[in-house]
Amino acid sequence: MLCAQEALAALELDRVLLVPVNTPPHKAMPADPGPEVRAELCRLAVADAAGIEVSAIEVERPGPSYTVDTLRALHDADPGDQLTFIAGADQACGLPGWREPAAVLELADLAVAEREAWRREDVREALAGFPGAAERVRFFSMPRVDVSSSLVRARVADGRPIRWLVPDAVVRAIAERGLYRERVPAP
């Protein structure tokens with residue numbers, strides 16, 4: 001949520017869409033309650049967040065979720081929209097290994113949330129092989145808050161509090177539904 005809020009303001013975006021994944025193609029999600037529940041948790045998180053919405057586009061599409069497919073679907077739905085894909089610097093550095101990375105950069109600008117361990121030069125170097133990538137990448141800074149979904153799930157499994165790490169409505173929904181009680185490795 002912090003990343004979405006910072007991107008919305010810093011990049012002067014019209015809106016930010018949170019897109020919960022249906023089936024991640026590259027990693028297993030232990031103790032996963034399913035894409036519909038994750039989409040509902042996202043809806044609870046953005047309930048009072050102006051300019052931030054949830055799209056179930058990947059949840060509604062069967063099979064693995066690939067960014068390029070989602071960007072194509074969003075572009076086809078609203079061809080006049082200028083898309084911006086928001087990613088952490090670590091994800092941006094890994095973009096060359098994604099499905100159709102050149103198409104991702106053609107379909108959307110890449111907004112990179114700067115992270116302490118990653119430098120702008122790292123991102124630029126990783127994307128150097130893609131023509132026009134330098135013009136499509138925008139950086140924005142974020143306050144340093146070391147929170148991840150893996151950390152939240154691990155804390156729930158350990159019986160530790162997650163308040164202030166996620167919105168209160170999400171804390172309540174996780175507790176009421178008994179989600180994430182199975183221990184997963186912390187990041």
Side-chain angles (χ1 to χ4, degrees), residues 1-22 24-27 29 35 38-39 41-59 61 64-78 80-127 130 132-152 165-167 170 187:
M1 288 299 297
L2 180 61
C3 182
Q5 174 185 281
E6 290 299 311
L8 184 69
L11 303 173
E12 299 178 347
L13 302 174
D14 294 330
R15 66 184 175 142
V16 170
L17 291 180
L18 298 184
V19 183
V21 66
N22 184 347
H26 302 301
K27 71 177 184 177
M29 292 183 62
R38 286 186 275 104
L41 293 175
C42 286
R43 283 188 207 83
L44 291 170
V46 305
D48 296 323
I52 304 174
E53 303 169 17
V54 176
S55 169
I57 190 168
E58 288 189 6
V59 170
R61 187 175 57 231
S65 298
Y66 294 99
T67 300
V68 69
D69 296 335
T70 300
L71 291 174
R72 282 187 178 123
L74 291 170
H75 180 268
D76 291 348
D78 291 301
D81 285 356
Q82 173 59 48
L83 301 176
T84 300
F85 179 70
I86 302 167
D90 53 336
Q91 291 176 310
C93 285
L95 184 67
W98 293 15
R99 176 178 279 195
E100 299 184 56
V104 169
L105 292 170
E106 289 170 11
L107 288 162
D109 287 342
L110 180 62
V112 180
E114 296 185 77
R115 299 223 168 133
E116 192 172 292
W118 301 85
R119 300 170 305 140
R120 289 182 181 203
E121 295 78 29
D122 297 328
V123 174
R124 289 187 180 112
E125 184 179 310
L127 302 178
F130 298 98
E135 294 80 37
R136 301 294 308 253
V137 177
R138 298 161 59 190
F139 294 90
F140 66 98
S141 60
M142 280 185 27
R144 177 95 170 111
V145 178
D146 201 15
V147 176
S148 68
S149 58
S150 299
L151 173 71
V152 170
L165 299 178
V166 297
V170 174

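Only heavy atoms go into these numbers, but all of them, side chains included; no hydrogens, no water, no symmetry mates. Since the model is a prediction, treat every value here as computed from it, not as a measurement.
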* Can Gln82 and Asp109 be said to form a side-chain contact (heavy atoms from CB on, under 4.5 Å), step by step? -> CA-CA 8 Å; Gln82 173 59 48; Asp109 287 342; 3.7 Å; yes
* Identify the heavy atoms of Val112 and Ala92 that sit nearest to each other, and give their distance. => CG2-CB, 3.9 Å
* Structure fact -> Interatomic distance, CD1@Ile86 vs CG@Leu11, rounded to 0.5 Å, equals 7.0 Å
* Is there side-chain contact between Asp69 and Arg99, with at least one heavy-atom pair below 4.5 Å? -> yes
* Note, Leu74 side chain near Leu17 side chain (heavy atom, < 4.5 Å) -> yes
* Could you grab the distance from atom CZ of Arg138 to atom CG of Leu13, nearest 0.5 Å is fine? => 6.0 Å
* Asked: Residues two or more places apart in sequence or in another chain: which of them pass side-chain contact (heavy atoms from CB on, under 4.5 Å) with Glu125?
  -> none
* Within 6.0 Å of CD in Glu12, more than 12 heavy atoms from elsewhere -> no
* To do: Looking only at non-hydrogen atoms, find the nearest pair between Gly51 and Leu8 and report the distance.
  => O-CD1, 3.8 Å
* **4.5 Å side-chain heavy-atom contact, Arg61 and Thr70** => yes
* Asked: Any side-chain heavy atom of Leu18 sitting closer than 4.5 Å to one from Met1?
  -> yes
* Expected output: side-chain Arg136 to main-chain Glu106 donor-acceptor under 3.5 Å -> yes
* To do: Indicate the atoms forming the closest heavy-atom contact of Ala103 with Arg72, along with that distance.
  => CB-NH2, 3.7 Å
* Asked: Would you say Asp76 has more than 12 foreign heavy atoms packed within less than 6.0 Å of its CG?
  -> yes
* Min side-chain heavy-atom separation Phe130-Leu95 under 4.5 Å -> no
* To do: Kindly state whether the ring of Phe85 and the ring of Trp98 have centres lying under 6.0 angstrom apart.
  => yes
* Does the side chain of Pro35 reach to within under 4.5 Å of the side chain of Val21, using non-hydrogen atoms? -> no
* Between Ile52 and Gln5, which heavy-atom pair has the shortest distance, and what is it? -> CD1-N, 3.9 Å
* Please confirm whether the backbone N or O of Asn22 pairs with a side-chain atom of Ser65, one donor and one acceptor, at under 3.5 Å? => yes
* **Beyond-backbone contact of Pro143 with Leu2, side-chain heavy atoms, under 4.5 angstrom** => yes
* To do: Taking Arg120 for its side chain and Phe139 for its backbone only, find out whether a donor-acceptor pair lies under 3.5 Å.
  => no
* Structure fact -> Distance col, row Leu165:CG vs Ser149:OG, nearest 0.5 angstrom, shows 12.0 Å
* Measure the shortest side-chain to side-chain distance between Leu110 and Gln91 over non-hydrogen atoms and say whether it is less than 4.5 angstrom. => no
* Structure fact -> For Val59 and Ala39, the nearest pair of non-hydrogen atoms, with its separation, is CG2-CB, 4.2 Å
* To do: Quick one: closest heavy-atom pair of Glu58 and Pro20, and the distance?
  => CB-O, 3.4 Å
